[in-house]
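For reference, the structure is listed below as structure tokens.
For the numbers below, each heavy atom of this structure counts, side chains included, while hydrogens, waters and symmetry mates do not. Owing to the predicted nature of the structure, the values given are computational and were not obtained by experimental measurement.
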Amino acid sequence: QVQLVESGGGLVQAGGSLRLSCAASGRTFSSNAMGWFRQAPGRERAFVARITWSGNTYYADSVKGRFTISRDNAKNTVYLQMNSLKPEDTAVYYCAADGTYYSGSYATSPHEYDYWGQGTQVTVSS
């Protein structure tokens, strides 16, 4: 059974930093793209970042220059380093895995991802 488990969320002041982790189990994802999404109350789930199997990265304009996605294939884990956090970054953050092997596409729709974690809350106070 495939599982994605996020951790690292919490409460932080504006301008602060957090590092989210997403540990995968049940299969390896070294040949798959991984992504992060977020969902604020009353809003749709929104793309944050994506890292392909080859290490190419893509970001939403709202987080570009502040967030960094990375992966450690040996640990089957993907990370999201979030710096210069703003109150508008407050949301539940979800890790997702693209089931397509060797995809290098810029996939920003949740429908393009096949596996999801349960989410971790990030709250940024002003």
Side-chain angles (χ1 to χ4, degrees):
Q1 181 183 358
V2 174
Q3 279 193 312
L4 302 178
V5 180
E6 302 98 334
S7 61
L11 173 64
V12 63
Q13 288 189 329
S17 299
L18 283 174
R19 188 195 196 203
L20 305 184
S21 298
C22 171
S25 62
R27 59 164 282 185
T28 60
F29 287 99
S30 58
S31 302
N32 301 79
M34 304 287 290
W36 287 96
F37 287 75
R38 65 186 181 186
Q39 189 166 17
R43 305 191 70 175
E44 294 186 350
R45 194 165 296 190
F47 171 76
V48 175
R50 174 177 170 94
I51 184 166
T52 67
W53 66 276
S54 59
N56 291 329
T57 57
Y58 304 93
Y59 298 94
D61 288 342
S62 59
V63 306
K64 205 170 292 184
R66 300 189 297 123
F67 290 11
T68 302
I69 188 171
S70 61
R71 66 191 301 163
D72 184 338
N73 289 333
K75 296 182 178 180
N76 214 20
T77 298
V78 63
Y79 304 97
L80 186 68
Q81 178 67 44
M82 306 186 294
N83 299 328
S84 302
L85 283 162
K86 305 175 181 180
E88 51 264 44
D89 294 318
T90 295
V92 177
Y93 283 71
Y94 296 90
C95 171
D98 183 343
T100 302
Y101 288 101
Y102 304 112
S103 172
S105 66
Y106 179 34
T108 62
S109 168
H111 301 292
E112 297 178 276
Y113 293 80
D114 300 282
Y115 305 96
W116 291 88
Q118 82 289 347
T120 185
Q121 176 70 46
V122 171
T123 303
V124 184
S125 63
S126 57

**Request:** Walk me through it: do Tyr58 and Arg50 pass the test side-chain hydrogen bond (donor to acceptor under 3.5 Å, both in side chains)?
**Result:** CA-CA 5 Å; Tyr58 304 93; Arg50 174 177 170 94; over 6 Å; no
Listing, residues 12-24 side-chain donor-acceptor contacts under 3.5 Å, not counting sequence neighbours, or none:
residue, atom, partner, partner atom, Å
Ser17, OG, Asn83, OD1, 2.9

**Prompt:** Do the side chain of Ser30 and the main chain of Thr28 share a donor and acceptor less than 3.5 angstrom apart?
**Reply:** no
**Message:** Is the shortest side-chain heavy-atom distance between Thr100 and Asn32 below 4.5 Å?
**Reply:** no
**Prompt:** Counting N and O atoms only, with roles assigned by atom type, does the side chain of Ser31 sit under 3.5 Å from a partner on the main chain of Tyr101, one being a donor and the other an acceptor?
**Reply:** no
**Request:** Mind checking the CZ-OG1 spacing from Phe37 to Thr108? Nearest 0.5 Å is all I need.
**Result:** 7.0 Å
**Salt bridge present between Asp61 and Lys64 (N-O < 4.0 angstrom)** = yes
**Message:** Keeping Asn76 on the side-chain end and Arg27 on the backbone end, is there a donor-acceptor pair under 3.5 Å?
**Reply:** yes
**pair Trp116-Gln3: side-chain heavy atoms closer than 4.5 Å** = no
**Request:** Kindly say whether Ile69 contributes a backbone atom to a donor-acceptor pair with the side chain of Tyr59 at under 3.5 angstrom?
**Result:** yes
**Item:** Pi-cation contact, Tyr79 with Arg71 (under 6.0 Å, within 45°)
**Value:** no
**Request:** Quickly, which of Glu6, Gln121, Arg38 forms a side-chain hydrogen bond (donor to acceptor under 3.5 Å, both in side chains) with Tyr93? Name it, please.
**Result:** Arg38
**Asked** Is there side-chain contact between Asp98 and Tyr115, with heavy atoms separated by less than 4.5 Å?
**Response** no
**Request:** Indicate the atoms forming the closest heavy-atom contact of Leu4 with Gln118, along with that distance.
**Result:** O-OE1, 3.4 Å
**Request:** Taking the six-membered ring for Trp and the full ring for Phe, Tyr or His, determine whether the centres of Phe47 and Tyr106 are under 6.0 Å apart.
**Result:** yes
